[in-house]
Amino acid sequence: MAGSPVGVLALQGDYREHAAVLESFGADVVTVRRPEELARVSGLVIPGGESSVMDKLSRMFGLADPLKQAIAAGLPVYGTCAGLIMLADRIIDGIGGQQSLGGLDIAVRRNAFGRQRDSFEVEVEVPEFGEPAVHAVFIRAPVVEEVGERASVLAALDDGRVIAVEQGNLLGTSFHPEMTEDYRFHRRFYDRVLATRFA
Amino acid sequence: MTDTPSFSVGSDRVKRGLAEMLKGGVIMDVVNADQARIAEDAGAVAVMALERVPADIRSQGGVARTSDPDLIEGIQKAVSIPVMAKARIGHFVEAQMLQALDVDYIDESEVLSPADYVNHIDKWNFTIPFVCGATNLGEALRRINEGAAMIRSKGEAGTGDVSEATKHIRKILGEVRALTALAPDELYVAAKELQAPYALVAEIASTGKLPVVLFTAGGVATPADAAMMMQLGADGVFVGSGVFKSGDPAKRAAAIVKATTFYDDPQVILDASRGLGEAMVGINVSDIPAPHRLADRGW
């Protein structure tokens with residue numbers, strides 16, 4: 001797998017911003033919309049966007065099952081916002097029939113903070129990263145409402161609501177580091193990609 | 001959380017950010033909760049709540065205003081994707097109402113009858129983000145200067161004729177490309193000619209793109225229309241009358257969503273275009289006398 005590219009799921013959402021972050025690390029980045037593109041990558045970012053649309057398109061174009069298999073096989077995946085919802089084993093307040101890929105042993109509530117008027121930015125302490133705090137941008141964001149035994153919490157708001165989790169090669173955040181200049185979550189994902197690639 | 005000094009709502013980043021999340025998607029006009037559900041099921045990234053689709057506004061005439069709050073609320077209850085709604089150009093009180101109603105985006109729209117023929121809404125005064133129409137780069141930059149967090153090229157709403165949408169997206173992106181070729185000392189005159197703020201002009205000359213997301217609108221009626229707008233460089237597509245004035249709205253809506261994601265794959269667009277039933281009948285823009293063209297509203 002050495003030298004294989006890193007993918008960004010490009011069914012919908014801010015995938016170009018994620019691609020730009022990964023390219024700034026020197027990664028070879030490809031957009032993924034089809035199973036044959038997924039088969040080439042050594043890691044995948046699932047971007048922000050509308051989770052219900054990503055779910056529909058991924059099933060319609062035969063990408064959902066290969067994605068689930070890749071996740072089960074240990075592909076490093078980082079999901080932001082909608083991507084976190086896609087990685088959650090359980091969705092609360094999805095649209096009728098909405099499915100996720102799963103992988104993270106968590107339940108995620110969609111639009112947990114309310115509508116756009118309640119979208120916000122705030123500093124968040126992430127113990128794994130130390131100082132400085134992460135400047136986190138939440139846009140109609142989800143929240144991790146239940147954390148199962150296999151998942152671990154990386155960050156929570158002051159009121160205790162969980163907004164970043166990790167489980168093996170899977171990483172998920174409610175917020176959008178790709179909209180800031182702080183790429184420590186992407187770096188954590190990319191280090192995992194490199195470690196997996198050369199393992 | 002709210003006592004953290006850094007906490008903020010309604011920032012530029014948050015307003016422009018929601019539009020970033022809609023990219024690669026289709027926003028559909030809906031006039032009731034049933035249509036909103038059809039749109040959501042078909043894969044719309046957001047819906048635009050209005051009382052009449054532009055084709056009906058055009059045929060029925062009269063003054064078009066912001067929608068009945070109960071209608072918008074019914075749509076908000078029916079779906080969980082973002083709900084946008086339109087205010088008249090310059091009608092800041094309609095916009096205040098829409099903000100109080102907690103819509104996700106306000107479209108200051110030429111599809112409705114303008115309320116002010118001089119001033120647009122001062123959009124910096126709102127927590128809710130605004131999308132505004134534009135036919136060229138100067139108009140887009142004037143709207144951004146007033147606080148718009150998203151731009152859509154206007155096209156000619158309610159026609160099903162994509163030619164004006166093509167003209168406007170080509171014009172805006174062509175003018176962006178032209179700016180990147182100018183020498184720094186030529187940007188002052190460029191700003192004067194565009195009738196746009198120098199700071200925004202200089203920013204675009206250096207980045208090569210608008211500082212906000214650019215969708216296209218006004219006349220998109222088929223999957224191929226949507227894919228063409230994406231190939232021309234739009235970040236996403238608004239579909240107004242094109243879906244619910246067609247023979248099979250659910251099927252056509254889903255097909256336009258597919259063609260927008262796979263805009264560069266002719267086979268997917270071809271497959272999506274089969275068996276859709278009748279497209280909206282439409283009206284050629286060249287048959288509409290100039291005073292009745294909606295794109296001329298706003299300046």
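The chains referred to below are lettered A, B, ... by the order of the sequence lines, with proteins before strands, and numbering in each begins at 1.
Rounding to the nearest 0.5 Å places CG of L22(B) at 10.5 Å from CG of D14(A).
In this structure, the side chain of R117(A) engages the main chain of Q99(B) through a donor-acceptor pair within 3.5 Å. Looking only at distances, a side-chain donor or acceptor of Q12(A) sits under 3.5 Å from a matching main-chain atom of K23(B).
By the 6.0 Å contact criterion, CZ on F262(B) is enclosed, its count of non-hydrogen atoms from other residues, nucleotides or ligands being greater than 12. Other residues, nucleotides and ligands contribute over 12 non-hydrogen atoms within 6.0 Å of the CZ atom of R184(A). Q231(B) CD: more than 12 foreign heavy atoms inside a 6.0 Å radius.
Ranked by heavy-atom pairs under 4.5 Å with chain A, the first of A46(B), A42(B), P82(B) is P82(B). Annotation: maximal heavy-atom pairing with chain A below 4.5 Å, among I81(B), V9(B), D104(B), V26(B), occurs at D104(B). The candidate with the highest count of non-hydrogen atom pairs below 4.5 Å against chain A, out of K258(B), E20(B), R13(B), is R13(B).
Side-chain contact between P129(B) and Q116(A) is present, with at least one heavy-atom pair separated by less than 4.5 Å. The shortest distance between side-chain heavy atoms of R33(A) and D264(B) falls below 4.5 Å. Residues R115(A) and L101(B) fail the side-chain proximity criterion, which asks for heavy atoms closer than 4.5 Å.
The pair D265(B)-R34(A) meets the salt-bridge criterion, with a side-chain N (NZ, NE, NH1 or NH2) lying under 4.0 Å from an Asp/Glu carboxylate O.
Only the side chain of S52(A) comes within contact range of chain B, judged by heavy atoms closer than 4.5 Å. If you measure heavy-atom distances from Y105(B) to chain A, you find no contacts under 4.5 Å at all. When heavy atoms are compared at a cutoff of 4.5 Å, I128(B) approaches chain A solely by way of its side chain, counted from C-beta outward. For chain A, the nearby parts of S80(B) are the backbone and the side chain; heavy atoms of each come within less than 4.5 Å. With a 4.5 Å cut-off on non-hydrogen atoms, L57(A) touches chain B through its side chain but not through its backbone. Only the backbone of A44(B) comes within contact range of chain A, with at least one heavy atom under 4.5 Å from a heavy atom of that chain. For a residue to count as touching a neighbouring chain, one of its non-hydrogen atoms must lie under 4.5 Å from one of that chain's; by this rule V268(B) touches chain A with the side chain only. Neither the backbone nor the side chain of M54(A) comes within contact range of chain B; no heavy atom of the residue lies under 4.5 Å from a heavy atom of that chain.
Taking each heavy atom of V45(B) and V53(A) in turn, the nearest pair found is CG1-CG2, 3.9 Å. Here the closest heavy-atom approach between residue V137(A) and residue V14(B) is recorded as CG1-CG2, 4.2 Å.
Annotation: salt bridge (charged side-chain N to carboxylate O under 4.0 Å, His left out) contacts involving residues 162-176 of chain A, sequence neighbours excluded, comprise E166(A)-R188(A), E166(A)-R192(A).
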Could you go through R140(A) and M21(B), starting from their C-alpha distance and side-chain angles, then the distance that decides it, and tell me whether this counts as side chain to side chain contact (heavy atoms under 4.5 Å, CB included)?
CA-CA 10 Å; R140(A) 286 177 50 105; M21(B) 300 311 144; over 6 Å; no
